[in-house]
Structure formats: structure tokens, C-alpha cells
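Written below as C-alpha cells is the structure these notes are about.
The sequence lines fix the lettering, A, B, ..., with proteins before strands; numbering per chain opens at 1.
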Amino acid sequence: MVKLIILAIDSMLISNIVLMRFLGICPYIGVSKKQETAAGMGFAVIFVMVMATLISFFIQKGILDPLNLGYLQTIVFILVIAALVQMLEVTMKKIAPALFDALGIYLPLITTNCTILGVAILTIQKNFNLVEALVFSFSTGIGYLIAIYIFAGIRERLEWSDIPKPFQGAAIGIITAGLLSLAFFGFTGLVKL
Amino acid sequence: MADNKFIVKPAPFLKKPTDVKMIMWTVVLALIPTTVWAIYLYRLNAVIVILSTILFTELFEMLFLKIRGSKKVIATSFDGSAFVTGLLLALNLPSSAPWWLCAAGAFVAMLFGKHIFGGLGHNPFNPALIARVFLLLSFPTLMTTWKQGMSVDAMTYATPLGILKTDGIEAVKSMDLWRLFAGLPVSGVGGGSIGEISELAVLIGGLLLIVLRVIPFFIPLVFILTVYVFTWIFNAANPSVYASPMFHMVTGGLFLGAFFMATDMVTTPITPKGKIIFAFGCGLITSLIRLFGAYPEGVSFAILIMETLTPTIDKVTKLKKFGA
Amino acid sequence: MAEKVTFRKGGVHPEERKALSETAPLKKMAAPEMLYMAVNQHIGAIAKSLVKAGDKVLRNQLIAEGEGAVTSRVHSPVSGEIVEIKQMVFPNEAKVEVIVIKNDGKNEKAESTEQERNLPSSKEEFLEIIKNAGIIGMGGAGFPTYVKMNPPKDKTLDTFIINAAECEPYLTTDNRLMLDYTKEFLEGAGMILDMLQIKKCFIGIEENKREAFEKIKSENKDARIEPKLLKTKYPQGAEKQLIYALTGRVVPIRKLPFEVKVIVQNVATVKAVYDAVKFNKPLTERIVTLSGKGINEPSNVLAPLGVTVSAIADFCGGINEKAKYMVNGGPMMGKAFDNTNLPVTKTTSGLLFLAEEEVSSEEENVCIRCGRCIYVCPMGLNPTFLKEESDRRNYEKMDDVLDCIECGSCSFVCPSSRQLASSIAKGKQRYAKHIKKGK
Amino acid sequence: MKDNIMQVVKLFIVCVIAAAVLAWVYGFTKEPIEKSKKSETLDAIKIVVSGMTDQMTIKDSVISLKDDTAKVQSFIVMNPDSTVYAYTIKTYTSLGYGGNITMMVGVDTSFEITGIQPLEYSETPGLGTKMTREEFKSQFLGKSLDNFKFKAQKDGGDIVAITAATITSRAVGDALERGLNTLISNFKTQSDTIKSDSVAIDSAITGEAK
Amino acid sequence: MNVLKKLFNGIWTSNPVLILLLGFCPTLAVSTTLKDAIGMGFSALFVLVGSNLVISALRKFTPQKMRIPIFIIVIATFVTIVDLLLYAYFFPLHKSLGVFIPLIVVNCIVFGRAEAFASKNSIIDSLWDGIGMGLGFTLTISVLASIREILGNGTLLGIELFGKSYSPVIVAILPPGAFMTLGLMLAGMNKININMEAKRKAREKAEKEKSKQLKASVANG
Ligand SMILES: Cc1cc2nc3c(=O)[nH]c(=O)nc-3n(C[C@H](O)[C@H](O)[C@H](O)COP(=O)(O)O)c2cc1C
Ligand SMILES: Cc1cc2nc3c(=O)[nH]c(=O)nc-3n(C[C@H](O)[C@H](O)[C@H](O)COP(=O)(O)O)c2cc1C
Ligand SMILES: Cc1cc2nc3c(=O)[nH]c(=O)nc-3n(C[C@H](O)[C@H](O)[C@H](O)COP(=O)(O)O)c2cc1C
Ligand SMILES: Cc1cc2nc3c(=O)[nH]c(=O)nc-3n(C[C@H](O)[C@H](O)[C@H](O)CO)c2cc1C
Ligand code: SF4
Ligand code: SF4
Ligand code: SF4
Ligand code: SF4
Ligand code: FES
């Protein structure tokens with residue numbers, strides 16, 4: 001139990017997926033102009049990340065490992081994720097239209113988001129069991145949400161700022177992310193994996 | 001009479017109670033006790049650190065203002081804000097910091113901390129703290145080796161919090177808390193940043209700021225109280241591992257941070273409620289880092305981390321309108 | 001010592017500077033040769049001139065009138081001849097039609113005016129008199145008084161508040177009026193209470209006018225009327241703040257005072273009602289404070305409406321070379337202008353001639369987020385936010401501008417000299433237009 | 001309908017070709033990959049054991065810690081005549097500044113250190129990571145439990161700590177002590193019984209200790 | 001000429017990272033040392049060229065609806081090939097690139113070029129596009145890595161540059177340093193483009209002036 005909590009805190013704050021692991025930077029920069037959309041994206045990522053990690057976990061343990069097809073991991077995972085997102089889109093529209101309205105527009109963005117594939121592969125690389133995989137993917141997703149949400153808040157404030165021309169746009173976004181990452185270094189060692 | 005030229009501008013038509021310059025220079029004034037104490041303890045070393053940091057900060061301020069095409073480079077660079085940043089950065093450095101470290105800090109503070117975002121008022125993070133953390137991560141050895149105040153030898157020692165983190169509670173049990181509070185040398189203990197040695201000196205300046213209404217009293221109060229309560233809880237639960245709350249009060253940069261950095265209005269929430277949440281968060285994270293984190297001291301990080309939340313806090317603490 | 005009340009949120013206390021004109025006795029100014037009567041001095045439907053160039057007019061004769069439920073009238077302060085009707089630009093940037101009257105010096109009054117008459121027997125008659133006399137709020141806004149005194153049928157009133165806060169620095173007209181016309185003022189208040197059938201009246205007086213307070217207290221015999229001391233704090237005189245201070249009632253946002261059974265009138269308005277009801281005298285004169293280091297003899301002047309700024313200034317010893325700003329109104333809410341030919345209107349409570357050293361004139365700078373504007377806003381708004389959004393015309397986020405009372409407290413305290421109030425006021429106009437268009 | 005079928009068929013063709021290509025590539029990379037997997041450990045062993053020759057063989061075993069049931073990996077370097085040349089152990093500590101540190105330690109047959117090599121760690125770059133430098137590592141050469149106290153000088157031991165990184169230095173001491181103790185308790189008394197089952201270097205190192 | 005222009009396009013005018021703002025993740029993550037960066041760059045280059053070629057070759061064959069899955073399969077195949085080859089023959093590099101090798105699959109540069117270019121253009125053009133983009137990516141990540149390695153470690157390609165007394169700016173090789181350095185590179189690129197744009201405008205204006213004067217003088221003369 002303690003181990004799981006430590007894993008959760010580590011993947012949320014200390015080894016934050018965006019700020020420390022460098023995954024999902026593009027949507028982080030792209031979908032963070034407003035806090036509402038950032039939150040939507042964050043929740044969508046959590047949702048898809050957990051689903052994708054679990055499914056790819058089963059595929060790895062149930063199919064690839066027994067058949068010794070480990071080298072097909074990349075190709076299988078990405079296809080599974082693409083299919084999953086498609087299916088999610090369709091079923092969500094039918095079963096939970098409200099949820100679809102909130103998260104639907106972010107789903108296509110997520111297919112090509114490296115966080116999802118990255119976390120699925122990391123789960124296998126780190127040899128997590130099912131519960132750990134669940135905790136890892138969920139808390140990593142939360143970490144993504146935290147990072148993108150506070151980042152969007154800062155960017156909203158930067159709207160009013162008199163940013164020098166060459167820095168406007170992605171440049172200031174990336175640098176701000178760097179400063180966030182600098183601040184998050186304070187969490188180092190809070191828990192030790 | 002008839003040839004008067006009248007100026008038309010919007011109201012009000014009165015003398016302002018205060019302006020930015022005055023606020024900033026008041027902060028400088030309030031930092032004088034700390035500065036004087038630092039110089040008394042570290043003599044020439046402190047003078048060099050303080051002077052070179054301020055000098056470079058002002059230089060980079062001018063340089064970046066110039067590059068950004070400001071029309072009033074000189075006037076703007078002496079509005080006091082860069083001076084405050086420089087002085088606070090200096091007070092956050094060890095007395096042994098070489099001049100180039102001061103210059104590097106000043107550069108980072110002014111570029112990444114301030115002018116990239118458009119200068120005074122626009123920066124989301126505290127420039128002095130950005131610089132401090134940048135230096136801490138970049139030059140950990142230089143930034144964590146401390147000389148003892150007033151001593152002539154070149155020995156370096158750890159700070160009380162460093163000793164607590166490295167050697168455990170037994171090593172700090174016998175320290176005289178009053179001496180630590182006043183900033184007097186304690187044997188076997190290194191001072192720390194030149195501005196964090198004497199809580200007393202910081203307190204004098206801080207109270208001045210409160211009296212002059214430059215900062216609201218509740219930010220430092222909530223910040224410090226939160227650290228007190230949290231460290232008290234852990235100390236009460238397990239005194240053989242966790243140091244006493246009073247020990248946490250008189251060590252590290254808690255007072256300097258609470259009075260002078262968590263109060264930088266540019267980077268902290270704007271409403272009173274927001275400021276209280278902010279100060280509480282700072283206290284909480286400071287305690288967590290001190291008790292469990294890798295770093296012996298957490299004030300700088302805590303303030304920076306809370307600053308990432310400033311816009312969000314501002315949003316959720318909107319004021320109630322009169323009559324709503 | 002009497003209890004002092006005040007409002008809850010925000011507020012500032014600028015240097016009062018009333019000493020300049022406070023003790024100056026009331027000076028009566030005779031009508032000069034030329035008078036300039038703006039047809040529109042009130043809020044509501046625009047009034048139209050009833051006269052044309054060449055017409056002869058008598059003192060107190062109706063010369064302009066509007067149509068509709070909310071409007072007002074204008075009367076001539078002198079007898080004479082209409083010279084022309086022209087457009088003038090007023091400090092609030094509005095272009096207004098002005099009737100130019102040449103005083104013939106004969107001072108002939110219109111029939112039946114300025115003579116004692118019977119008190120009205122009904123509320124309707126009372127309101128008619130006020131309407132005919134062209135009385136509008138003299139506290140600044142210029143809202144027609146007969147409309148205000150006649151709230152919708154389903155609303156009842158239980159408290160009448162006389163706004164004697166005079167919270168703006170420099171201004172001393174209400175103070176002068178209460179000291180010099182104590183009896184008339186109190187009688188007028190009683191009349192209004194009778195006619196509107198209200199049982200309670202507060203006179204809210206700021207502590208810095210203790211003399212007036214004591215005088216009213218000692219001369220008042222009407223049990224319904226209670227003078228109350230207010231803490232000296234700007235904007236104590238703003239309607240909602242005043243109501244809260246005196247009654248503890250909070251006027252709901254974007255609602256009018258009658259929602260909490262209250263009506264508020266300025267001291268001068270009450271005196272004008274008294275004159276109209278008792279003597280059938282329309283509103284043709286008012287007390288104006290001339291103050292500041294730029295005027296040679298700071299004074300309180302009872303002046304006919306329509307006198308030019310230069311004429312009234314000359315009456316007070318003239319403008320000296322120190323004067324760098326001319327302000328219509330108080331220093332917090334007033335408007336600067338540079339044309340000394342503009343006339344005094346019904347809402348001109350003060351004319352300030354300010355020297356360089358009396359005014360901060362730094363350039364507008366960036367917001368350092370000190371939060372001072374937020375602390376002082378009596379309406380609980382976030383002025384720096386509203387200014388940014390107003391300047392950006394970001395209509396989605398600036399709805400709060402409608403709640404700004406334009407008191408200027410925020411601009412006053414801003415250490416960065418940001419023109420918050422004026423930007424928000426501009427935003428308010430734009431936003432109102434935007435909403436109208438939307439509908 | 002026909003269109004749809006065509007599409008699926010086309011997709012299928014692409015899949016088949018892709019699978020075939022991959023199978024082919026996998027076929028000829030399989031062996032080098034196996035080799036790579038081992039190379040890390042092998043390299044570490046080569047660093048901590050000096051004077052290894054191609055004739056020597058490496059035998060790997062999983063041994064228990066002293067006074068503990070936990071297991072670690074150990075490698076025994078054998079001379080061609082099947083006598084032991086050196087032992088190495090993958091020891092660890094959890095006292096590092098950034099958590100766990102694992103390191104390879106090599107000893108000769110008198111259990112004196114011949115080399116140490118940190119493998120996995122998350123110490124602070126520039127501070128704790130100085131433990132990988134020769135200046136620091138060399139102080140342990142020839143040291144054994146008998147002639148060296150694996151504690152920082154500050155704590156009354158013999159380790160010259162890295163400036164401003166006492167924690168890391170202590171952790172290294174902890175790892176070394178654990179490793180030496182474990183090697184001694186497992187091998188000291190029975191050093192001559194391990195003569196059989198020598199394996200060639202290449203195929204020896206498999207699997208990770210749990 | 002045409003080829004050079006294409007290469008220049010990938011390296012500068014539409015540099016995938018600095019102008020198109022694609023592929024930030026590998027750029028940031030795999031730039032602690034120049035060696036890793038070059039490895040990453042060429043891996044991506046290989047995948048880009050390979051997948052561009054195949055996708056372009058298959059563009060007639062590919063049904064519109066099955067476009068995406070086919071792209072994914074083609075790209076993933078090349079990625080897996082790279083993965084296996086690196087694992088087999090460049091093990092240390094494989095170790096430092098870590099999870100970012102499989103992630104080339106979702107790397108926006110590769111996918112973006114497949115979708116935007118290769119599926120619509122001839123094989124030869126796609127080849128050059130792939131090479132240009134790949135070089136652009138490699139160059140960018142290499143510059144970033146050089147800066148970070150020099151500042152943060154005092155070395156370049158592992159060679160010590162300043163001697164023992166240099167105390168490296170360690171943040172440069174930590175995550176914050178990656179963000180900040182890339183941010184500065186983006187800003188530098190913007191600055192250069194802004195300046196060039198301004199110069200171009202000034203030149204155009206001057207030319208217009210000239211032709212006007214010319215016309216005027218002709219009219220006068
Ligand atoms: C900021 C502010 C301050 C005001 N101060 C006064 C004041 O001191 N005295 C006053 O009579 N009216 C003041 N007013 C106007 C009152 O709100 C209100 O309009 C007036 O008292 C109504 O009376 P009237 O209709 O007779 O003018 C102020 C208004 C504002 C917005
Ligand atoms: C556009 C406008 C409409 C108003 N309508 C009414 C009204 O219908 N009834 C009323 O009693 N007062 C009305 N008022 C008067 C206000 O209650 C208040 O006395 C007036 O705005 C002056 O207040 P101030 O000087 O504080 O702004 C109105 C005021 C304005 C500006
Ligand atoms: C940013 C930072 C990073 C640190 N990293 C390490 C580290 O990796 N290893 C270590 O032993 N101490 C590290 N420390 C220092 C410890 O906190 C502690 O101060 C030090 O180990 C005390 O050792 P000393 O007695 O040699 O000064 C670090 C300190 C800071 C501020
Ligand atoms: C009460 C107060 C506290 C301040 N604290 C800091 C600080 O901690 N760090 C800093 O760089 N500037 C500080 N400043 C100065 C100023 O706000 C700073 O230069 C701006 O953040 C730059 O935009 C402070 C100013 C005041 C008035
Ligand atoms: S005129 Fe100005 S000072 Fe006087 S009462 Fe009105 S708002 Fe207050
Ligand atoms: S002018 Fe408007 S925003 Fe400013 S303090 Fe007054 S009410 Fe608030
Ligand atoms: S008072 Fe001025 S500087 Fe302070 S928050 Fe308001 S606008 Fe900003
Ligand atoms: S495709 Fe993915 S990785 Fe590429 S830019 Fe878009 S979000 Fe980023
Ligand atoms: S999100 Fe763009 S490469 Fe990772």
C-alpha cells in the first residue's frame with residue numbers, strides 16, 4: 001500500500017510526466033491557452049491513459065510475451081491505442097453524451113499524443129503488476145492534468161503581459177514550462193521509489 | 001490670467017498616497033537591518049556579494065530594458081524593483097559566493113525571472129527565487145558550503161537544517177535557539193545564506209513593512225504559523241526524529257521568505273483570501289520539504305511552487321460584490 | 001461624542017483640503033451680462049429650447065422643456081434677450097445646446113414666481129411643482145427629482161436620507177448651505193417627509209463638518225429628522241454606501257434604493273424643493289465652491305446658473321498663474337476642462353483651479369498587482385482586472401463594469417498611476433452599447 | 001461492398017508485409033541483442049576486476065544477503081584451471097540522496113576490493129554523481145572489512161567524503177559493507193567448492209536477481 | 001538547386017521543431033549529450049525517409065479510409081526496425097534513448113510529414129522532404145544538445161573542454177535547462193525571422209520608392 005502511494009506521489013509530482021519526463025509536450029503547449037480547455041484535455045488524457053495502459057498491459061502479458069513477439073510491441077500498442085480512441089469516441093457518444101461533449105473534442109488529439117503510448121510502454125519496461133500499472137497510469141494522468149492546468153492559468157495571465165516579440169508564442173510557453181519544472185524540483189526526494 | 005494652459009486628464013486630481021518607487025525603496029529600507037548584520041558577520045565577503053549582486057542586477061536590468069526598446073531606461077531601472085531583486089538575491093547567497101556566481105544569478109533573475117515576461121509587473125515567478133533555485137541546481141557545491149560568521153578560518157560547515165537532514169536530530173539538539181534567532185555564531189554550524197542568519201534582523205524589517213502598510217501582516221503570520229503547526233505535530237508524534245517547531249522557526253530562510261518574498265505582490269495572489277491560501281500553501285510545502293524532502297530547506301521551492309498556482313488561486317478567490 | 005457610522009467595504013481618505021474655502025462666507029454673485037443656459041443639465045430625455053434668438057425672456061421664465069416620463073426643464077435666471085442658441089462641448093465630452101441670454105439688468109420676474117404660496121395638498125400636486133421648477137439631483141448625477149420621489153406603485157418608502165456627506169476634498173457647498181440656510185433646509189426636509197408620507201429622515205453628515213451637525217441638531221425640532229455623524233471616508237456620499245452606513249441596508253446589485261424603501265437626496269436638492277414649494281421659485285441658482293491654489297480667493301458663491309467659469313472666477317479674485325488644472329466637480333470624480341467659457345449648471349458643485357503641486361501627474365504605468373485598488377473599491381470589484389478587460393474590449397469578461405460607481409478610489413490609490421476609473425467608465429459605456437446591440 | 005473488401009484486403013497486405021519485414025529483421029538482430037543485454041553486466045565486471053583474460057570464465061549465482069533472506073546477484077570469475085580468480089557482487093543501498101544506488105563491487109580471493117562501479121542511481125548531478133569519479137572510487141582499492149571502516153570520516157570512519165555530499169558517501173560505504181559481508185558469508189569458507197560448472201563468459205550472465 | 005532548396009526548407013524555412021513546433025518531446029528529452037542527440041536525429045531521419053518513401057510509393061494503392069492505419073503500420077515498422085538495430089549494434093545509445101525510440105511512432109514530425117507531404121507527392125520529392133526534415137530535426141536537436149552538454153557538463157561528445165576548474169551549469173542538463181535553452185532557441189529563430197522580414201519589407205519599400213522616382217523623373221524628363 002505504502003509503495004503504491006509512493007508510486008502515485010512520484011508519478012504525479014516528482015517525476016511529473018511533462019515537466020520531468022518530457023512526454024506530451026506538444027499538446028501541453030498547444031492546448032493550454034485556456035484553463036477550461038486544459039482541464040478538458042487533462043481529464044481526457046487521464047481517461048484514455050488508464051484504458052490504454054490496462055489494455056496494452058493485457059495484450060503484452062497475454063499475447064506478446066507468451067508468443068515471444070515482444071518486438072511487435074510498438075506496432076501493436078499504437079494500433080490498439082488508435083483503435084481504442086476510435087471506439088471510445090463512438091461508445092461515449094452513445095452511452096455518455098454529456099461526457100462526450102466535455103471530452104470528445106480532445107480525443108482525436110490524444111491518439112498521437114506520446115504520453116499514452118509512452119506510459120503504456122513504460123509500464124511494461126518497469127515490470128509493473130496490474131495494480132501498479134493502474135496506479136501508475138492514473139497518477140501519471142493526474143500529473144499531466146496538474147501540469148497543464150496550472151500552466152494554462154499562467155498563460156492566461158501572460159495574455160496581459162508585454163512579452164517581447166521574439167518570445168511570444170511557443171518560446172515563452174516552453175520557457176515558462178522550464179520555470180515550472182525548476183519549481184517542481186522542490187518535490188525531489190519527498191518520496192523515494 | 002487668460003494665458004493659462006490647462007491640462008486635461010482623467011480624475012483624480014490629488015496627490016497620490018504612495019507610488020511604486022516609494023514602495024520598493026521602503027522594502028530596501030526594511031532590509032537594512034539584515035544587510036547590516038550580514039556585513040557585520042561576514043565583513044568584506046558580504047560586502048562583495050551584496051554589492052556585486054546589486055550592481056549586476058541593475059546592469060542587466062538596464063541592458064534588457066535597452067534591448068526591449070524602453071525609452072526611459074535609467075528612470076525605470078532605478079524604480080527600486082531591480083534593486084530589491086538584487087538585494088534579496090544577494091541575501092539568498094552564501095558569503096563565499098564568488099562574483100561570477102552573483103553575476104550569473106543576476107542574469108538569470110533579470111532575464112528568465114523578469115524581462116522575458118515583459119518586465120516589472122508581468123513576471124509570474126519571483127525573479128530572485130528563480131535565480132536562487134537556478135544557482136542551487138547548477139552549482140550545488142558552491143551554494144551549499146557555508147562559512148561561519150565572524151570566524152577567520154576557512155572551514156565550511158552545514159547549516160542547522162543541513163545538519164538536521166544529514167546527521168539527524170541528535171546533532172542539533174543542543175543548539176542554542178536564541179543565538180540562532182539573533183544570528184549569533186553557533187559552534188560547528190555554518191550560517192547559511194547571508195540574509196537568513198538572523199531571524200531577529202528580518203523580523204525588525206518585516207514589522208516595519210507591516211507598520212508602513214507595504215505588506216499585509218497575515219501573509220508572514222499564516223506562513224510561519226503553518227510551519228509551526230506542522231512541525232509541532234510531527235515533533236509531538238515523534239520527538240526522536242523530528243526537530244521542535246521552535247528549531248524550525250529560527251533556522252533557514254523562513255522569516256526572510258515569509259516577510260520579503262511571499263509578499264512580492266507581483267507574483268502572489270491579489271485578493272486577501274488568495275494571499276492567505278497562498279501563505280498556507282507555502283507553509284505546508286515548506287514543512288513537507290523540510291521534514292521529508294531531499295533539500296534541507298524548502299522555503300524557496302515552496303514559494304515558487306505556490307506561485308505556479310497564483311493565477312488559479314486568483315480565479316477561485318474572486319471578491320463578492322457589494323450588494324451581490 | 002456621537003456615534004459615527006460608515007460603510008463596510010473599501011474607501012479611501014484623501015487629504016481633505018476643505019480649509020481653503022470652509023470658513024469663507026457665502027458670497028452672492030449678481031448676474032453678469034451674458035448667461036449660457038444648457039438645455040440639458042439632467043439625466044433623461046433631452047430638453048428642447050422653447051425660445052429662439054431675439055426673444056425676450058423674464059426671470060424664472062421657462063425656456064427649455066423635454067418630453068417623456070424622465071426629463072426636466074430649464075428656466076432663465078435673469079430677464080433679457082436671447083442672443084443665440086449654440087452648441088457647446090461640456091467637460092463630460094457631450095455636445096449640448098446652449099441658450100445664450102443677454103441680461104438687460106432689469107431683473108423683471110415672471111408672474112406669480114418667487115412669492116409665498118399655499119402648500120400643496122396632495123403628493124401629485126407636490127411632484128408637479130417640483131417637476132415644473134426643473135429640480136434635478138444636485139448631488140452630481142442630475143436625475144430628475146420628481147421621478148425619484150415617485151417610485152413604482154408596488155414599492156413603499158420608509159426612510160428619507162439627506163446626503164450631506166460631501167465626501168470629496170475641497171468641496172464645501174453643502175456645508176455652507178446647512179450653516180447659512182439651516183431653517184429653510186430643515187423645513188424643506190419636513191415638507192418632503194409630509195408629502196411623501198415618510199416617517200424617518202436621516203441627515204448623514206461627515207465628521208469633518210461638525211459645526212453644521214451641531215447647528216442642525218440644535219435647531220431641529222422635527223422628531224422625525226435625525227442628523228447622524230458619518231466617519232470621514234470617501235465615498236461616504238455614494239448612495240449605496242450611505243444607505244448602508246445609515247440604515248444597515250444593502251441595496252441589491254444593479255437595483256435602485258427604493259428596493260430597500262429608501263430615497264436619497266442631496267442637501268441642495270432639498271433646499272431647492274423648499275424654494276419651489278414655498279415660494280414658487282424654479283431652480284436658477286446654486287452654491288458653487290471655488291477652490292484650489294489656482295484661484296485667488298477660494299470661496300463659496302451663490303451664483304446664478306449660466307454664469308461662465310471665467311466670470312465666476314473673476315468674482316473670486318481671478319485665476320492666478322499657478323493654475324494648471326481646471327476641474328468641474330470634486331477632485332475624485334470631477335472632470336478636467338480647459339475652456340473658461342463654459343457655464344455653471346445645476347450639478348456644478350465645485351470648480352477647482354489646481355496648481356501643479358496639488359496633483360500627481362505621473363504617467364500611467366504597468367500594474368504591479370499590489371491589490372490596493374481592490375482593497376479600496378467600495379463595490380467589491382477588481383478594478384485592475386476590469387481595466388485590462390475594458391481596454392481589450394473583452395466583452396465576455398467585463399460585465400462587472402456595470403457595477404462601478406466611478407468613484408475613482410482605485411485610481412487614487414494606484415501606485416502605478418493607472419487610470420483605472422476612467423478606463424472602466426469608458427468600458428462601461430462601450431459595454432452598455434454592446435449589450436444594447438446584442439438585444 | 002467490394003470497395004470495403006478491397007480496403008481490408010489492402011490493409012491486410014500491408015500488415016503481412018510489415019510483419020514479414022519485422023520477422024526478418026528480428027531474425028538477424030536476435031543474437032546481437034542477447035549479447036547487448038549481457039554486455040552491461042559484463043562491462044561492469046571487467047571494470048571492477050582487473051587483469052581479466054579471455055581464458056577466464058564467469059559463473060553467476062544468486063546469493064542471500066548476510067542476516068537476511070533477500071537475494072542479490074554475484075559473479076565469480078574463474079581461472080582456466082577452475083580456481084577462483086575474483087568475486088563480484090551487485091550490491092545496493094537505499095540510503096542514497098536520491099534513493100537506491102546499485103553498484104558492482106569486485107574483490108580478490110582475500111576479499112580486498114579490486115574495483116567498484118556504480119550502476120544505477122539518481123544522485124544529484126555534480127554532487128552525488130561525483131562518486132563515479134576515480135578520485136573517489138580509488139580510495140577503496142585494496143580495502144577490506146579488516147583494514148577499513150566503511151563510514152564517513154565525519155561519523156568516525158575512514159571514507160573521505162565527497163565535498164558537500166556526505167549522504168552519498170555514506171551510502172556508498174553502506175553498499176560496500178553489505179556487499180563485502182555478503183560475499184564473505186557466502187564464499188569465504190567454501191571457496192574451493194565452486195570448481196565445477198564453469199561457463200563461458202558469453203553465455204553466463206542471464207536474468208536479473210529479484 | 002531544387003534539391004538544395006528542399007533541404008534548406010527542412011533545415012531552416014520550415015524547421016520541424018523551431019518553426020512547425022513539432023516533436024518537442026524527443027528534442028527536449030534526448031539532448032543531454034550530443035552523442036545521444038545525433039543518434040536520435042539519425043534514427044528519426046531513417047524513419048522519416050523510410051516511411052516517406054513507402055507511403056509515397058503506396059499513395060495510389062492506399063485507400064483513403066484506410067490511410068491512417070496504413071501510415072501507422074508503415075511508420076511503426078520502421079520504428080521497430082530502428083529499435084532492433086540500435087539494440088543489437090548500438091546498445092549504449094539504445095539505452096539512453098530509452099522509451100523515445102518507440103515514441104518516434106507518434107512523433108508529430110514523422111506522422112505530420114506522412115500525412116501532409118508523402119501521401120501527396122512523388123517518391124523522389126518525398127525522399128528529399130524526408131531527408132530535409134530529418135536533417136532539420138537532427139540539426140536542431142544537435143545544437144540544443146551541444147549547448148546543454150557544453151554548459152551542463154563542460155564536455156562535447158564526451159571530450160572535456162575547459163579543464164577541471166570549470167564548474168558546469170548543471171541545470172543545463174536537467175529538465176528545466178532543456179526547456180529554457182529550447183525556449184531561447186525558439187526566440188532566437190523568431191528574432192532572425194522578424195529581422196529578415198523587416199529587412200525584406202524595407203527593401204521592397206526602397207524599391208517602390210525608386211521606381212516611383214524613376215517614373216517621376218521619366219514623366220518630368
Ligand atoms: C462616489 C460617489 C460619491 C458621492 N458623494 C456624494 C456626496 O458626498 N454627497 C451627495 O449629496 N451626493 C453624493 N453622491 C451622489 C449620491 O450617490 C446621490 O446621487 C445623491 O445623493 C442623490 O441625491 P440628489 O438626487 O439629490 O443629487 C455621490 C455619488 C458617488 C458615485
Ligand atoms: C439612468 C438612471 C436611471 C435612474 N432611474 C431611477 C428611477 O427609475 N427611479 C429612481 O428613484 N431613481 C432613479 N435613478 C436615480 C438613482 O437612484 C440615483 O439617485 C442617481 O443615479 C444618482 O446617484 P449617484 O449620484 O450616486 O450616481 C436613476 C439614475 C440613473 C443614472
Ligand atoms: C540541490 C542539492 C543537491 C544535493 N545533492 C546531494 C547528493 O546528491 N548527495 C549528497 O550526499 N548530498 C547532497 N546534497 C547535500 C545534502 O543535503 C547535505 O547537505 C550534505 O550531504 C551534507 O554533507 P556535507 O556535510 O559534506 O556538507 C544536496 C544538497 C542540495 C541543496
Ligand atoms: C513587499 C515586496 C516584496 C518583494 N519581494 C521580492 C522578491 O522576493 N524577489 C524579487 O525578485 N523581487 C521582489 N520585490 C520587488 C519586485 O516586486 C520585483 O522586482 C518584481 O517581481 C519584478 O517584476 C518585492 C517587492 C515588494 C514591494
Ligand atoms: S458633490 Fe462630490 S463630494 Fe459632494 S457629496 Fe457629491 S460626490 Fe460627495
Ligand atoms: S471607480 Fe469603480 S472600480 Fe474604481 S473603486 Fe470606484 S467603484 Fe470600484
Ligand atoms: S492599485 Fe494599481 S498597481 Fe495596484 S493592483 Fe491596482 S492597478 Fe495594479
Ligand atoms: S502530433 Fe502529437 S506529438 Fe506531434 S505536435 Fe501534435 S500533439 Fe505533439
Ligand atoms: S507530444 Fe510531441 S513529441 Fe511528444
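Proximity to chain B among residues 54-73 of chain A is not found for any residue, judged by heavy-atom separations below 4.5 angstrom. When the heavy atoms of residues 260-279 of chain B are compared with those of chain A, the residues falling under 4.5 Å are V266(B), T267(B), listed by number. The interface of residues 103-117 of chain B with chain A, defined by heavy-atom distances below 4.5 Å, comprises F112(B), H115(B), I116(B), F117(B). Within residues 155-174 of chain A, the residues having any heavy atom less than 4.5 Å from a heavy atom of chain B are, in residue-number order, E156(A), R157(A), L158(A), W160(A), S161(A), D162(A), I163(A), P164(A), F167(A), I172(A).
A donor and an acceptor atom, one from each side chain of S193(B) and R132(B), are located under 3.5 Å apart. Of the N and O atoms on the side chains of S11(A) and S139(A), at least one donor lies less than 3.5 Å from an acceptor on the other residue.
The choice from L129(B), T312(B), D314(B) that makes the most heavy-atom pairs within less than 4.5 Å of chain A is T312(B). Ranked by heavy-atom pairs shorter than 4.5 Å toward chain A, the options I303(B), L304(B), T308(B), I289(B) are led by T308(B). In terms of heavy-atom pairs under 4.5 Å with chain B, the best-connected choice from L179(A), T176(A), L180(A) is L179(A).
Using a distance-only test at 3.5 Å, with no hydrogens or angles considered, a donor-acceptor pair links the side chain of R290(B) to the main chain of H248(B). No donor-acceptor pair under 3.5 Å is formed between the side chain of D10(A) and the backbone N or O of I6(A). Counting only distance, with no hydrogens or angles, the side chain of N16(A) and the backbone of M12(A) share a donor-acceptor pair below 3.5 Å. Within the 3.5 Å criterion, the main-chain N or O of G118(B) finds a donor-acceptor partner in the side chain of R68(B).
Counting heavy-atom neighbours within 6.0 Å of F128(A) CZ, excluding the residue itself, gives a total above 12. The environment of NZ in K72(B) is sparse: at most 12 heavy-atom neighbours from other residues, nucleotides or ligands sit within 6.0 Å.
By the 30° and 60° cut-offs, the orientation of the rings of F259(B) relative to F255(B) is tilted.
Between Y295(B) and F301(B), the distance from one ring center to the other falls under 6.0 angstrom. F234(B) and F292(B) have their aromatic ring centers within a separation under 6.0 angstrom.
Heavy atoms of I154(A) lying under 4.5 Å from chain B belong to its backbone as well as its side chain. N123(B) touches chain A through its backbone: at least one of N, CA, C or O sits under 4.5 Å from a heavy atom, while the side chain does not.
Looking only at side-chain heavy atoms (C-beta outward), L93(B) and C102(B) come within less than 4.5 Å of each other.
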